[in-house]
Amino acid sequence: MTLLEKFTSTPSAVAGATAPGRRAIIDIGSNSVRLVIYDGPARAPFLLFNEKVSAGLGAALSTTGRIDDTAMERGLEALQRFGLLAREMDVADMRCIATAAVREATNGIEFVDQARRRTGLEIEILSGAEEGRAAGLGVISAVPDADGIVADLGGGSLELARVKAGAVHQVVSLPLGVLRLSAIRASGKMALAKFVAKALKEAGWAAVERGLPLYLVGGSWRALAHLDMQLVQFPLPVIHHYSMLPERAATLARVTASIGKARVKKIPAISGSRISALAPAAALLRVLVRQLGSSGMIVSAHGLREGLLFEGLGPEERALDPLLVAAEAEGEAQGRFPGHGALIDQWIAPLFEHDPPQFERIRRAACLLGDVGWRANPDFRAERGLEIALHGNWVGIDGWGRAMLAQALYSNFGGGGGLAPGLEQLAPTEDLARACQWGLAIRLAQRLSGGVAGPLGKAELLRDETAITLVLPRSHARLTGETVNRRLKNLGQAMGLDWRVAAKD
């Protein structure tokens, strides 16, 4: 069986991924009402639209137990706008959910009834357990191997969920939203620590397994992480999978207790509405890390809303790799020839047969994205590769993975055999050198084949201890030429091997 026959008879790496049409979630929280519209593959949806209104439904909850009239009207007006927008954007499936503020307010049902009359929207009021489970599933959707405790901090509540082996286990909802923390802290120096310790004990979480990472979900946690990035001058301004050592929680608590608003306002990623939440959120994070014995903190870009989408998938689709699903969707949308990236990955695989699995999946993603730069200005295609890898809205990938993907695309799009600038801050140079080899191999495949499947189905790329050999049938020997030979040579030099072209009958 030829490579082309094998490829066409083998399911796609993301077989089973579906594109179910546009989906929308209206999330009615304690701080804000938000509309998010998703498109693309169900396993790796991308954001088509995202807008929030700071309605403040939970602002008066701790003092009056009610949603005040002004906040209710702001929330209802937001729902009217969002309902109309979703219909105009041809949303195929919309879900409207409410969390702590509506769940706990004495007039929460009144808000739901008014929303139904004025907008026609049916609002689901999630229980604390349902909210925590959805947040846990959201983290799993973005970090499939997550093994730790998800902490979803909202305005009205904090949900904790134990996640392991792709499932959500123990869940608890605590009245520790950012809108409530100031009142708790005002009652004494150690009041927050005592409150959290008591709440965890009563919920049966006092004896939870220690030494686990804390996966942070929610806007206030993300704002803290953006602040930490500024403090440590982290080279990659991407929040998903940003990790912090446990001692950073105490540092952030000290910094936010004294930092001026003017300095925080200079950080573009932190919205003005989040500034007042930084200090209480940092104080809670320090307490949680101590109480749970956390090994560190990892930020998740996915949370409640993505968890609700993930919950609706079947087992086979949940098991798909979100990075590869997203990379294939992007490659198919921007590349010239459908399916070519997966074929290239199989064609160059004999050169890298000893790569560990974590290398193989990043290489596969690079191949799937190997043609997305063809529309760019030729002088800036290498930079385009860096941009796509480093700043793309990917999940299922950390800083090391982004750097490896960036190096592969940089080399593929003409960056040469050297390392791209700055990536050594994210990944070891020996790893980046391997990614450079992937990129040069993809670049060879693209030139040899002209971007279509046929030539790769006839050619072979082999490796032994001394050389790389490009094997062509005699009927297609003329596929070689000056450019192909030069790219084969560059690849051989990068791998420290000789190179040659051989013919076969």
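- With hydrogens and angles ignored, the 3.5 Å screen pairs no side-chain donor or acceptor of E311 with any backbone N or O of G138.
- Not counting sequence neighbours, the partners of R81 by the side-chain hydrogen bond (donor to acceptor under 3.5 Å, both in side chains) test are E51.
- Heavy-atom minimum distance, I298 versus S243: CG1-CB, 4.2 Å.
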Using a 3.5 Å cut-off and no angle test, enumerate the donor-acceptor pairs between side-chain atoms of residues 366-373 and protein atoms at least two apart in sequence or in another chain.
residue: D371; atom: OD1; partner: R336; partner atom: NE; Å: 3.1
residue: D371; atom: OD1; partner: R336; partner atom: NH2; Å: 2.6
residue: D371; atom: OD2; partner: R336; partner atom: N; Å: 2.8
residue: D371; atom: OD2; partner: R336; partner atom: NE; Å: 2.9

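- A salt bridge links R103 and E131; the closest N-O separation between the charged side-chain nitrogens and carboxylate oxygens is under 4.0 Å.
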Item to check | V112 and V102: CA distance, side-chain angles, deciding distance, side-chain contact (heavy atoms from CB on, under 4.5 Å) verdict | outcome: CA-CA 8 Å; V112 171; V102 176; 3.8 Å; yes
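- Checked by atom type and distance alone, the side chain of S411 never pairs as donor or acceptor with a backbone atom of G439 at under 3.5 Å.
- Remark: the backbone N or O of G21 is paired with a side-chain donor or acceptor of R23 at under 3.5 angstrom.
- Put simply, the side chain of R274 never gets that close to the backbone of L224: no donor and acceptor are under 3.5 Å apart.
- Here D147 pairs with R162 in a salt bridge; the nearest charged N to carboxylate O distance falls below 4.0 Å.
- Of the possible donor and acceptor atoms, none in the side chain of R487 sits under 3.5 Å from a partner among the backbone N and O of L444.
- Smallest separation of non-hydrogen atoms from I97 and I123: C-CG2, 4.4 Å.
- The side-chain hydrogen bond (donor to acceptor under 3.5 Å, both in side chains) check on T119 picks up nothing, with sequence neighbours excluded.
- At distances below 3.5 Å, at least one donor-acceptor pair connects side-chain atoms of R43 with backbone N or O atoms of S141.
- A donor-acceptor contact shorter than 3.5 Å links the side chain of R210 to the backbone of Q291.
- No donor-acceptor pair closer than 3.5 Å links the side chain of R364 to the backbone N or O of G341.
- A donor-acceptor pair shorter than 3.5 Å can be found between the side chains of E159 and S173.
- In summary, the side chains of S300 and H241 do not present any donor paired with an acceptor at a separation below 3.5 Å, with no hydrogens or angles considered.
- Counting heavy atoms from C-beta on, the side chains of E328 and E332 come closer than 4.5 Å.
- Partners of W400 according to the ring-ring contact (aromatic ring centres under 6.0 Å, His included) rule, which considers only residues two or more places apart in sequence or in another chain, are F359.
- Using cut-offs of 30° and 60° on the angle between ring planes, the pair H240 and H302 is tilted.
- Looking at W221 and D152, their side chains never bring a donor and an acceptor atom within 3.5 Å of each other.
- Among residues two or more places apart in sequence or in another chain, the side-chain hydrogen bond (donor to acceptor under 3.5 Å, both in side chains) test is passed with R22 by D39.
- Remark: Q446 engages no residue in a side-chain hydrogen bond (donor to acceptor under 3.5 Å, both in side chains) (not counting sequence neighbours).
- A donor-acceptor pair is defined here as one N or O able to donate and one able to accept, closer than 3.5 Å; such a pair exists between the side chain of R381 and the backbone of W374.
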Item to check | Trace of the side chain to side chain donor-acceptor pair (under 3.5 Å) decision for Y242 with D228 | outcome: CA-CA 10 Å; Y242 178 69; D228 193 69; 2.6 Å; yes
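- Between E383 and Y410, the side chains place no donor N or O within less than 3.5 Å of an acceptor N or O (distance only, hydrogens not considered).
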